[in-house]
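Structure first, then comments.
One is the number of the first residue; the rest follow in order along the sequence.
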Amino acid sequence: MKNVLITGAYGNLGNAVRSEYNQPGYRVITTYEPGTFQTPPEPNAFQTNLSDENQVADLVQKIIHDFGSIDIVILLAGGFDGGGFESCDAARLHKMIELNFETAYHIARLSFNQMKNQTSGGRIVLIGARPALIPQMGKDYVAYALSKSMLFKLADLLNAAAAPADIVCSVIVPGTIDTPSNRKYNPDADYSKWVKPESIAAMIRHITGPEGQAMREPVIKMYAD
């Protein structure tokens, strides 16, 4: 039984990822932000402020105590903010770093330390963004691009620190995801070129499953638009 920890598990992409792992051989463990639900939406769902390192540490320790291991970590939680340098003040920059980097870093670090003690190692998946890779896009989303760019470096450092343990950190870089909200704000777009949440979920399961055991590619791009 592989224990799969998913943050951001109740958005459009999160729903698809949870569904992908809802099969024999996996135990899905999720987090949700305070105020999101009055009661846990699932038996293994835990209310956690991902920006609070102490809360994350308590969560990781509980998972290890209750389930024995953390085998796969999928970090989907994050946020978006537009605007170029004219509007990217310190407050907006810090908010994006908190939402997109710190929420991933706390769990990734603590899970990584646990995986190093497991003979089976583990898999960590981060969600990147094209504006962090393409300056011509990033200039219009400065705070967002900078915060997401930190995830690529985090993956590099985790992979360097992992050797010789069987731990791999990958970054999925999706194009525009085909969600109701994105369609609402882009009514004239060619949706056939947008990536489906289910396609991203299937790729994540592939690279974290037995068939992806030999994969060591840190950055996986999924876009055609």
Side-chain angles (χ1 to χ4, degrees), residues 3-14 16-18 21 28-34 36 45-64 70-81 92-116 121-133 138 141-162 167-174 177 197 200-201 203-205 207-208 217-222:
N3 294 313
V4 184
L5 174 58
I6 306 173
T7 70
Y10 298 98
N12 289 292
L13 179 55
V17 173
R18 281 175 31 246
Y21 283 94
V28 174
I29 305 162
T30 63
T31 69
Y32 62 96
E33 289 294 308
T36 306
F46 299 95
Q47 177 176 281
T48 309
N49 179 356
L50 299 173
S51 299
D52 186 324
E53 186 177 25
N54 292 326
Q55 287 193 33
V56 173
D58 289 342
L59 170 68
V60 170
Q61 287 302 312
K62 180 171 180 55
I63 293 171
I64 296 168
I70 299 177
D71 303 292
I72 300 169
V73 177
I74 304 168
L75 302 175
L76 308 178
F80 175 79
D81 186 22
R92 295 179 77 167
L93 177 60
H94 293 164
K95 186 63 176 178
M96 282 290 95
I97 291 175
E98 177 185 5
L99 287 176
N100 291 320
F101 179 72
E102 291 182 4
T103 59
Y105 178 77
H106 297 323
I107 285 190
R109 181 181 74 85
L110 293 168
S111 299
F112 175 80
N113 290 339
Q114 168 62 21
M115 290 173 179
K116 288 180 69 177
R123 295 293 182 269
I124 301 171
V125 179
L126 306 170
I127 300 297
R130 284 187 296 174
L133 294 177
Y141 312 100
V142 172
Y144 178 72
L146 287 172
S147 65
K148 283 290 191 178
S149 70
M150 299 173 73
L151 296 178
F152 294 96
K153 181 55 68 175
L154 175 60
D156 286 340
L157 295 174
L158 287 172
N159 287 328
I167 303 172
V168 179
C169 181
S170 301
V171 186
I172 301 287
V173 187
I177 302 176
I200 301 172
M203 175 60 74
I204 292 173
R205 198 200 62 76
I207 65 175
T208 61
E217 178 59 49
V219 178
I220 300 170
K221 301 175 182 177
M222 296 185 67

Measure the spacing between CG of Asp156 and CG of Leu151 and express it to the nearest 0.5 Å. 11.0 Å
Hey, could you give me the CD1/CG distance between Ile63 and Asp58, rounded to the nearest 0.5 Å? 11.0 Å
Check for a donor-acceptor pair, side chain of Asn100 on one end and backbone N or O of Gly79 on the other, with a separation under 3.5 Å. yes
Treating Asp71 as the side-chain partner and Asn3 as the backbone partner, does any N or O pair qualify as donor plus acceptor under 3.5 Å? yes
Verify, without hydrogens or angle tests, whether Arg123 (side chain) and Ile72 (backbone) share a donor-acceptor contact under 3.5 angstrom. no
Looking only at heavy atoms, what is the nearest atom pair of Pro174 and Gly128, with distance? CD-O, 3.7 Å
Close side-chain approach of Thr30 to Phe46, heavy-atom, < 4.5 Å: no
Keeping Gln55 on the side-chain end and Asn49 on the backbone end, is there a donor-acceptor pair under 3.5 Å? yes
Minimum heavy-atom distance between Pro218 and Asn159, given as atom pair plus value: CB-ND2, 3.9 Å
Where the side chain of Ser147 meets the backbone of Ala143, is there a donor-acceptor pair that is under 3.5 Å apart? yes
Spacing of Ser51 atom OG and Glu98 atom CD [to the nearest 0.5 Å]: 3.5 Å
What's the verdict on side chain to side chain contact (heavy atoms under 4.5 Å, CB included) for Ile220 and Val171, showing C-alpha distance, side-chain angles and the deciding distance? CA-CA 6 Å; Ile220 300 170; Val171 186; over 6 Å; no
Report the relative orientation of the aromatic rings in Tyr144 and Tyr141; use parallel for angles under 30°, tilted for 30 to 60°, perpendicular for over 60°. perpendicular
Would Cys169 and Leu126 satisfy side chain to side chain contact (heavy atoms under 4.5 Å, CB included), going step by step from the backbone distance to the final call? CA-CA 8 Å; Cys169 181; Leu126 306 170; 3.8 Å; yes
I'd like to know if the side chain of Ser111 reaches the main chain of Ala108, judged simply by a donor and an acceptor atom lying under 3.5 Å from each other, with no hydrogens or angles considered. no
So, Thr208 versus Tyr21: side-chain donor-acceptor pair below 3.5 Å or not? yes
If we ignore hydrogens and angles and just use 3.5 Å, is the side chain of Lys148 paired with the main-chain N or O of Ile127 as donor and acceptor? yes
d(Ile64 CD1, Ile70 CD1) to nearest 0.5 Å is 4.5 Å
Please tell me if the side chains of Ile124 and Met115 come closer than 4.5 Å, counting only heavy atoms from C-beta onward. yes
Go through Val73 and Phe112 one step at a time and tell me if the side chain to side chain contact (heavy atoms under 4.5 Å, CB included) criterion holds. CA-CA 9 Å; Val73 177; Phe112 175 80; over 6 Å; no
Before you tell me yes or no, could you show the steps for Ile6 and Leu76 under side chain to side chain contact (heavy atoms under 4.5 Å, CB included), namely the whole-Å CA-CA distance, both residues' side-chain angles and the distance that decides it to 0.1 Å? CA-CA 7 Å; Ile6 306 173; Leu76 308 178; 3.9 Å; yes
Spacing of CG belonging to Leu50 relative to NE2 belonging to His106, to within rounding of 0.5 Å: 8.5 Å
